[in-house]
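Take a look at the structure below.
Both counts, for ligands and for their atoms, begin at 1 and track the order of listing.
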Amino acid sequence: MTVKASLSVPPPSSVPPLHVAIIMDGNGRWAKSRGLPRVAGHKKGADAVRAVVEAAPGLGVTHLTLFAFSSENWRRPEEEVSALMGLLRLYIRSELGRLAENGVRLSFIGDRARLDPDLVSLMADAEQKTRNNPGLNLIIAVNYGGRADIVQAARAFAAQVAGGQRTADSLTEDDLSGFLFTAGLPDPDVVIRTSGEQRISNFLLWQCGYSEFVFTDTLWPDFTPQELSRCLSQFQTRERRFGAVPA
Ligand code: IPE
Ligand code: IPE
Ligand code: MG
């Protein structure tokens, strides 16, 4: 008789995945309220990212997905877009060593086709250098849109059907998940949005099917590890039913 691997007892060190996704919003308002240019808010926002990434593993977070630039953010003035791309380059260049030291595995989701080639190679290099790290999975969403993600997944599946490898009616939910940019990642348990806005803004649409949402009025540059801890405490009070009746 063969024993299924899924029945085996997990090793004592294994922690259940806790995937936290954050819509980091409010940089512009933070700057405006201080009479500063919007870019100053984005710079301060990058400092908040550093602090949250360092604190996350201590709060039991195994996967942290950060929404850095949406597929709709190209609608912003060109100088703001290029400042955001510049900050991303700076973040990767200046943080990679430290992230690697802390065992962080860095990856990116989103469509890279429209990004500058030098940024794309920085991203690929960071992924390559950290791919075997055992610690926090840090996923940064750049030129990411939930609808675009589903469209590219549908195209990839359609190509397999056209190539005769699959039949159209063989597609399952798990299969479709496997075609998304987030293939292999657990769905977010909790989505946090800062700045008081209560909308999803085309973030992980498919993946958020059963996520809990926590909204805070704090603007992203003011977001601290303490605030992350408060958001996670709020999440812990939720009863997740996934369509079933309470136990
Ligand atoms: C979030 O802050 C950062 C990005 C969307 C890139 P915003 O720039 O959206 O700040 P607000 O919403 O204008 O205050
Ligand atoms: C969502 O914030 C995108 C990111 C945080 C990267 P936005 O500020 O772009 O969202 P809307 O336009 O207010 O919905
Ligand atoms: Mg905003």
Side-chain angles (χ1 to χ4, degrees), residues 19-53 56 61 63-92 94-95 106-116 119-120 122-123 138-152 180-182 185 188 190-208 211-224 227-228 231:
H19 185 172
V20 177
I22 308 184
I23 302 174
M24 309 182 289
D25 198 13
N27 294 353
R29 278 161 285 168
W30 183 93
K32 194 177 174 207
S33 72
R34 285 163 177 77
L36 298 169
R38 293 179 58 84
V39 175
H42 297 314
K43 281 191 185 135
K44 193 75 169 51
D47 295 340
V49 168
R50 285 185 192 95
V52 163
V53 167
V61 178
H63 296 74
L64 178 66
T65 299
L66 301 176
F67 202 6
F69 191 91
S70 79
S71 48
E72 288 72 41
N73 287 147
W74 298 104
R75 294 176 182 152
R76 296 187 176 203
E78 203 193 312
E79 74 250 33
E80 181 169 347
V81 169
S82 72
L84 284 164
M85 295 300 165
L87 279 170
L88 186 61
R89 279 187 189 87
L90 186 68
Y91 180 82
I92 300 171
S94 63
E95 294 302 299
L106 180 59
S107 57
F108 297 89
I109 54 170
D111 182 4
R112 299 183 197 192
R114 199 171 163 183
L115 304 178
D116 285 347
L119 178 57
V120 174
L122 263 181
M123 289 159 67
L138 175 61
I139 302 113
I140 303 185
V142 183
N143 192 20
Y144 181 85
R147 290 179 178 175
D149 196 0
I150 294 166
V151 167
Q152 67 81 27
L180 295 170
F181 286 124
T182 48
L185 299 170
V190 56
V191 177
I192 298 169
R193 184 168 188 150
T194 59
S195 87
E197 309 295 353
Q198 303 195 353
R199 57 176 170 267
I200 195 162
S201 297
N202 199 21
F203 198 26
L204 304 159
L205 299 179
W206 167 277
Q207 299 86 340
C208 283
S211 303
E212 297 293 329
F213 286 79
V214 174
F215 299 106
T216 166
D217 287 339
T218 303
L219 301 174
W220 176 254
D222 292 326
F223 194 87
T224 59
E227 175 104 34
L228 175 61
C231 291

Pair Asp111, Gln152: side-chain N/O donor-acceptor within cut-off below 3.5 Å: no

Heavy-atom nearest neighbour in the protein, as seen from atom 14 (O) of ligand 2, with distance rounded to 0.1 Å: Ser201 OG, 2.6 Å

Those atoms of ligand 2 less than 4.0 Å from some heavy atom in Ala68: 6 (C)

Of all N/O/S atoms in Asp25, the name of the one nearest the Mg ion (ligand 3): OD1

Tyr144 vs Phe69, side chain to side chain contact (heavy atoms under 4.5 Å, CB included): CA-CA, chis, key distance, verdict: CA-CA 7 Å; Tyr144 181 85; Phe69 191 91; over 6 Å; no

Any N/O pair Asn73/ligand 1 closer than 3.5 Å: no

Pair Glu80, His42: side-chain N/O donor-acceptor within cut-off below 3.5 Å: yes

Sub-4.0 Å heavy-atom approach of Glu197 to ligand 2: no

Any non-hydrogen protein atom less than 4.0 Å away from atom 12 (O) of ligand 2: no

Within-shell test, Arg75 vs ligand 2, heavy atom, strictly < 4.0 Å: no

Aromatic Trp74 / basic Arg76 pairing, under 6.0 angstrom, 45° off normal: no

Proximity to ligand 2 by part of Phe203, non-hydrogen separation under 4.0 Å: neither

Arg193, any N or O under 3.5 Å of ligand 2 N or O: yes

Other residues, nucleotides, ligands: >12 heavy atoms within 6.0 Å of Arg147 CZ: no

Protein contact of atom 7 (P) of ligand 2 - nearest heavy atom, named by residue and atom, plus distance: Arg76 NH2, 3.8 Å

For atom 6 (C) of ligand 2, closest protein heavy-atom neighbour: Phe67 O, 3.3 Å

contact_flag Gly26 ligand 1 heavy-atom lt 4.0 Å: yes

Nearest protein heavy atom with distance in Å, relative to atom 2 (O) of ligand 1: Asn27 N, 3.1 Å

Polar contact flag, side-chain donor to acceptor under 3.5 angstrom, Asp149-Trp206: no

